[in-house]
Undergrad: 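Got a structure for you, written out below as structure tokens; questions coming shortly.
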Protein chains: 2
Amino acid sequence: MRPLAHPALEDIQLEGILHALSDPVRVAIFTNIAGADCAQTCSAFAEVNDKPIPKSSLSHHFKVLREAGLIRSERQGVEMRNTSRCLEIEGRFPGLIPAILNAHAVQAARAA
Amino acid sequence: MRPLAHPALEDIQLEGILHALSDPVRVAIFTNIAGADCAQTCSAFAEVNDKPIPKSSLSHHFKVLREAGLIRSERQGVEMRNTSRCLEIEGRFPGLIPAILNAHAVQAARAA
DNA sequence: TCTATAGTTCGGATAAATGGAACTATTGAA
DNA sequence: TTCAATAGTTCCATTTATCCGAACTATAGA
């Protein structure tokens, strides 16, 4: 198991962020992590929107979020603590993440 | 040639917008169209960032932008007039497009 | 009617997403 | 220690999406 790759703030690309969040499962995961007040494990998302996600797919989704620079993942014992990098990203791309999270909330509210 | 599909405002999905703009060529095209004060043809983008884009690829990129709801394309004689749907989208997802355009500008400025 | 121009569609090659199965790392109990 | 359980990762085959050259369609103008 090679060490987890986290891009430096200055290496975070807009295209990578948009690609990562263009998947409904990933945007749901990220929204949850960004809104949580404590770190979330991967396995907390074994189901997303009442749909079960295979763990190999979950692992892939977390990798995409991590490599886009959206989350930071640190092993804590047997599990992984995932936290968002919203504050950092805000410094590089002001307003971007809040606008996306807001749009996601608008869409979810509209759908319900 | 079937008629061009433009989603209604209420059918525009966040994921579709993010996916469309997660490609460096498409975000460059959209930025240009959104910032232009008159409609732009497809062929105006035969080169993007000094890189030639094959016209079948260009056509595909415009289709993705159109079906995501980001642009409106109307045939005018032999060519296509493309305009952005920024104002409409602003009503559904306030601040989203400006934040993305700003992030793109920040990144372009940083790279130079 | 012929030619040129602007885009679209087709189809094959290449790349990326999906998910089951096997593997690795850490913990805690026997 | 050793063993079992848990949390993620990696491997790999299948499916799906992207890329782009070539052929096609639509419109305008000579």
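Remember, it's a predicted structure, so these values are computed and weren't measured experimentally. The chains referred to below are lettered A, B, ... by the order of the sequence lines, with proteins before strands, and numbering in each begins at 1.
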Undergrad: State the NE2-CG distance between H60(B) and L65(B), to the nearest 0.5 angstrom.
TA: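 One gets 9.5 Å once the value is rounded to the nearest 0.5 Å.
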Undergrad: Treat each ILVMFWY residue as a node, draw an edge where side-chain heavy atoms are under 4.5 Å apart, and state whether V25(B) and V64(B) are in one component.
TA: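 In one cluster: no.
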Undergrad: Give the rounded distance in Å between these two atoms: CG of L58(A) and C1' of dA7(D).
TA: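 Taking CG of L58(A) and C1' of dA7(D), I get 11 Å after rounding.
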Undergrad: Angle between the end axes of the helix from dT1(C)-dA30(D) to dA30(C)-dT1(D), five pairs per end, to the nearest 10 degrees?
TA: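 Both end axes considered, the difference amounts to 10°.
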Undergrad: If you find the nucleotide of DNA chain C closest to G77(A) and the one closest to A44(B), which residue's nucleotide is nearer the 5' end?
TA: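 It is A44(B) whose nearest nucleotide is closer to the 5' end.
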Undergrad: Quick one: list whatever passes salt bridge (charged side-chain N to carboxylate O under 4.0 Å, His left out) with E90(A), sequence neighbours left out.
TA: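 Salt bridge (charged side-chain N to carboxylate O under 4.0 Å, His left out) check on E90(A) returns nothing, list empty.
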Undergrad: Measuring to OP1 and OP2 of dT6(D), would you say a side-chain N or O of R75(A) lies under 4.0 angstrom away?
TA: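 For R75(A), the contact criterion (side-chain N or O under 4.0 Å from OP1 or OP2 of dT6(D)) is not met.
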Undergrad: Return the value, rounded to whole Å, for the distance between atom CG of L65(B) and atom P of dG7(C).
TA: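 These atoms are roughly 14 Å apart.
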Undergrad: M80(B) CE to dA28(D) P: how many Å, rounded?
TA: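 Going from M80(B) (CE) to dA28(D) (P), I get 13 Å.
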Undergrad: So which nucleotide from dT18(C), dT9(D), dT8(C) ends up closest to the side chain of H61(A)?
TA: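 Out of dT18(C), dT9(D), dT8(C), the nucleotide with an atom closest to H61(A)'s side chain is dT18(C).
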Undergrad: Provide, to the nearest angstrom, the distance between the CD atom belonging to E79(B) and the C1' atom belonging to dT25(D).
TA: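 That distance rounds to 17 Å.
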Undergrad: What do the steps show when you test R66(A) against R85(A) for side chain to side chain contact (heavy atoms under 4.5 Å, CB included), and what is the final call?
TA: CA-CA 9 Å; R66(A) 193 159 53 230; R85(A) 296 181 66 181; over 6 Å; no
Undergrad: Which one, dA7(D), dG7(C), dA26(D), comes nearest to the side chain of S43(A)?
TA: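 Of the candidates, dA7(D) comes closest.
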Undergrad: Once rounded to the nearest 0.5 Å, what's the spacing between atom OG of S84(B) and atom CD1 of I29(B)?
TA: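 Separation between the atoms: 13.5 Å.
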Undergrad: What parts of residues 14-39 of chain B reach DNA chain D, counting only heavy atoms under 4.0 Å away?
TA: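 Correct list: H19(B), D23(B).
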Undergrad: Let's go through D23(B) and H61(B) carefully: what are the C-alpha distance in whole Å and the side-chain angles of both, what is the deciding distance for side chain to side chain contact (heavy atoms under 4.5 Å, CB included) to 0.1 Å, and is it a yes or a no?
TA: CA-CA 9 Å; D23(B) 180 275; H61(B) 288 317; 3.8 Å; yes
Undergrad: What side-chain donor-acceptor pairs closer than 3.5 Å can you find for residues 35-46 of chain B, not counting sequence neighbours?
TA:
{"from": "Q40(B)", "atom 1": "NE2", "to": "C38(B)", "atom 2": "O", "distance (Å)": "3.1"}
{"from": "T41(B)", "atom 1": "OG1", "to": "S43(B)", "atom 2": "OG", "distance (Å)": "3.3"}
{"from": "T41(B)", "atom 1": "OG1", "to": "A44(B)", "atom 2": "N", "distance (Å)": "3.2"}

Undergrad: Would H6(A) and R72(A) count as a side chain to side chain donor-acceptor pair (under 3.5 Å) if you check the C-alpha gap in whole Å, the side-chain angles of each, and the deciding distance to 0.1 Å?
TA: CA-CA 7 Å; H6(A) 291 95; R72(A) 193 172 291 283; 4.7 Å; no
Undergrad: Please report, rounded to the nearest Å, how far the C1' atom of dG8(D) is from the NZ atom of K63(A).
TA: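 Rounding to the nearest Å, NZ of K63(A) and C1' of dG8(D) are 13 Å apart.
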Undergrad: Could you walk me through whether N102(B) and F93(A) pass the side chain to side chain contact (heavy atoms under 4.5 Å, CB included) check?
TA: CA-CA 8 Å; N102(B) 177 63; F93(A) 299 129; over 6 Å; no
Undergrad: Grab the CD-P distance between E67(B) and dG7(C) for me, whole Å please.
TA: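 My rounded result for the distance is 17 Å.
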Undergrad: Please produce a list of atom pairs where a protein N or O lies less than 3.5 Å from an N or O of nucleotides 19-23 of chain C.
TA:
{"from": "dG19(C)", "atom 1": "OP2", "to": "S57(A)", "atom 2": "OG", "distance (Å)": "3.2"}
{"from": "dG19(C)", "atom 1": "N7", "to": "S56(A)", "atom 2": "OG", "distance (Å)": "3.2"}
{"from": "dG20(C)", "atom 1": "N7", "to": "S56(A)", "atom 2": "OG", "distance (Å)": "3.0"}
{"from": "dG20(C)", "atom 1": "O6", "to": "S56(A)", "atom 2": "OG", "distance (Å)": "3.2"}

Undergrad: Just do the side chain to side chain contact (heavy atoms under 4.5 Å, CB included) check on N82(B) and F30(B) with the steps written out, would you?
TA: CA-CA 10 Å; N82(B) 297 285; F30(B) 179 70; over 6 Å; no
Undergrad: Has S59(B) got a side-chain atom pairing as donor or acceptor with K55(B)'s backbone, closer than 3.5 angstrom?
TA: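 No.
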Undergrad: In whole Å, I'd like the distance from the CD atom of Q76(A) to the C1' atom of dA25(C).
TA: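 Answer to the nearest Å: 15 Å.
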Undergrad: NE2 of H60(A) versus P of dG8(D): gap in Å, rounded?
TA: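 Roughly 17 Å, once rounded to whole Å.
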Undergrad: Could you tabulate the donor-acceptor pairs under 3.5 Å formed by side-chain atoms of residues 9-22 of chain A, not counting sequence neighbours?
TA:
{"from": "Q13(A)", "atom 1": "OE1", "to": "Q107(B)", "atom 2": "NE2", "distance (Å)": "3.4"}
{"from": "E15(A)", "atom 1": "OE1", "to": "Q107(B)", "atom 2": "NE2", "distance (Å)": "2.9"}
{"from": "S22(A)", "atom 1": "OG", "to": "H19(A)", "atom 2": "O", "distance (Å)": "2.7"}

